[in-house]
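Sequential numbering from 1 along the given sequence is applied to the chain's residues. Just so it is clear, the values below take in all heavy atoms, side chains as well, and ignore hydrogens, waters and symmetry mates. None of the values given here were measured: they were computed from a predicted structure.
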Amino acid sequence: MTPEARARKCAEVMFAQDSASAGLGMTIDDVTPGGAVLSMSVRPDMLNGHGICHGGFIFTLADSAFAFACNSYNQTTVAQQNQITYLSPGQPEERLTATAREVSRSGRSGIYDVTVTGEDDRVVALFRGLSRSIKGQLFTEEEPT
């Protein structure tokens with residue numbers, strides 16, 4: 001199995017079990033080894049008291065992209081720590097895109113940066129996720145013969 005095929009299979013398996021991301025209307029636009037792009041439209045029920053996208057939904061989009069990126073190697077991986085900086089508000093009905101990329105992966109630890117952008121390509125938020133691999137795989141891979 002190629003690394004790209006493994007990453008796609010991991011995303012398929014994870015997304016089938018991910019009620020949170022699916023329930024928020026997220027789509028996986030791309031997945032590669034160590035990377036993922038997810039998008040989501042800002043619905044009326046995602047707006048805060050200022051009429052802009054609630055930061056928790058932006059965080060969730062970034063966190064989901066992080067999760068798909070760090071689980072793309074078929075090694076069960078969880079978040080150890082996350083941080084987000086909001087730079088621009090998400091607007092009603094706007095489609096937000098979270099692009100995750102691997103910065104470092106060594107042993108059981110990884111660092112991933114996620115940039116959330118609006119439809120006009122402005123940066124909405126910057127997210128850094130620290131991951132930790134644990135026991136298990138997302139799917140059983142056949143041993144090469």
key: Same apolar cluster (I L V M F W Y, side chains within < 4.5 Å links), Met46/Phe127   = yes

ask   = Within a strict 4.5 Å, meaning less than it, do heavy atoms of the Leu61 and Leu24 side chains meet?
value = no

Value rounded to 0.5 Å, distance of CD in Gln83 from CZ in Arg128 = 8.5 Å

Side chain proximity check, Tyr86 to Phe59, heavy atoms < 4.5 angstrom = yes

note = dist Arg6:CZ -> Thr32:OG1 (nearest 0.5 Å) comes out at 13.5 Å

ask   = Side chains of Thr115 and Asp113: is there a donor and an acceptor less than 3.5 Å apart?
value = no

query = Taking the side chain as C-beta and beyond, is there a heavy-atom pair between Lys9 and Leu138 under 4.5 Å?
reply = no

query = If you look at every heavy atom in Gly118 and Leu96, which pair is closest and at what distance?
reply = CA-CD2, 4.0 Å

inquiry  = Could you check whether Ser64 and Ser21, counting side-chain N and O atoms only, form a donor-acceptor pair closer than 3.5 Å?
reply    = yes

ask   = Is Ile52 close to Gln91 at the side-chain level, that is, under 4.5 Å between some pair of heavy atoms?
value = yes

inquiry  = Please find the pair of heavy atoms, one from Cys53 and one from Leu47, that lie closest to each other, and give the distance.
reply    = N-CD2, 3.9 Å

task = Just say parallel, tilted or perpendicular for the rings of Phe68 and Phe15, cut-offs at 30° and 60°.
result = tilted

query = Does Pro89 offer a backbone N or O that forms a donor-acceptor pair with the side chain of Arg122 under 3.5 Å?
reply = yes

request  = Give the minimum heavy-atom separation between Ala98 and Ala62, together with the two atoms involved.
outcome  = CB-CA, 4.2 Å

ask   = With a 4.5 Å heavy-atom cut-off, do Thr27 and Arg95 have their side chains touching?
value = yes

query = Roughly how far, to the nearest 0.5 Å, is the CD atom of Glu94 from the CE atom of Met40?
reply = 10.0 Å

task = Indicate the atoms forming the closest heavy-atom contact of Ala100 with Phe66, along with that distance.
result = CB-N, 4.0 Å

request  = Enter the distance from Met14:CE to Thr76:OG1 here, rounded to the nearest 0.5 Å.
outcome  = 9.0 Å

task = Verify the cluster assignment for Leu126 and Val114: are they in a single hydrophobic cluster under the rule of side-chain heavy atoms below 4.5 Å apart?
result = no

ask   = Do Arg132 and Ser109 touch side chain to side chain, with heavy atoms closer than 4.5 Å?
value = yes

task = Measure from the side-chain N and O atoms of Asn71 to the backbone N and O of Ala67, and report whether any donor-acceptor pair falls under 3.5 Å.
result = yes

query = Is there a chain of hydrophobic side chains (I, L, V, M, F, W, Y, each step under 4.5 Å between heavy atoms) that links Met26 to Val13?
reply = yes

ask   = Is the side chain of Glu93 donor-acceptor paired with the backbone N or O of Val42 at a distance under 3.5 Å, no angle test?
value = no

Path from Val123 to Val37 over hydrophobic side-chain contacts below 4.5 Å = no

key: Where Pro92 and Gly51 come nearest, the two heavy atoms and their spacing   = CG-O, 3.4 Å

task = Looking only at non-hydrogen atoms, find the nearest pair between Ser72 and Gly34 and report the distance.
result = OG-N, 2.7 Å

ask   = How many angstroms lie between OG1 in Thr117 and CG in Leu87, if you round to the nearest 0.5 Å?
value = 11.5 Å

ask   = Going from OG on Ser104 to CD on Glu102, what distance comes out if it is rounded to the nearest 0.5 angstrom?
value = 7.5 Å

query = Backbone N or O of Phe139 within a donor-acceptor pair of the Asn74 side chain at under 3.5 Å?
reply = yes

inquiry  = Please check this pair: side chain of Arg108 against backbone of Ser133, looking for a donor-acceptor N/O pair closer than 3.5 Å.
reply    = yes

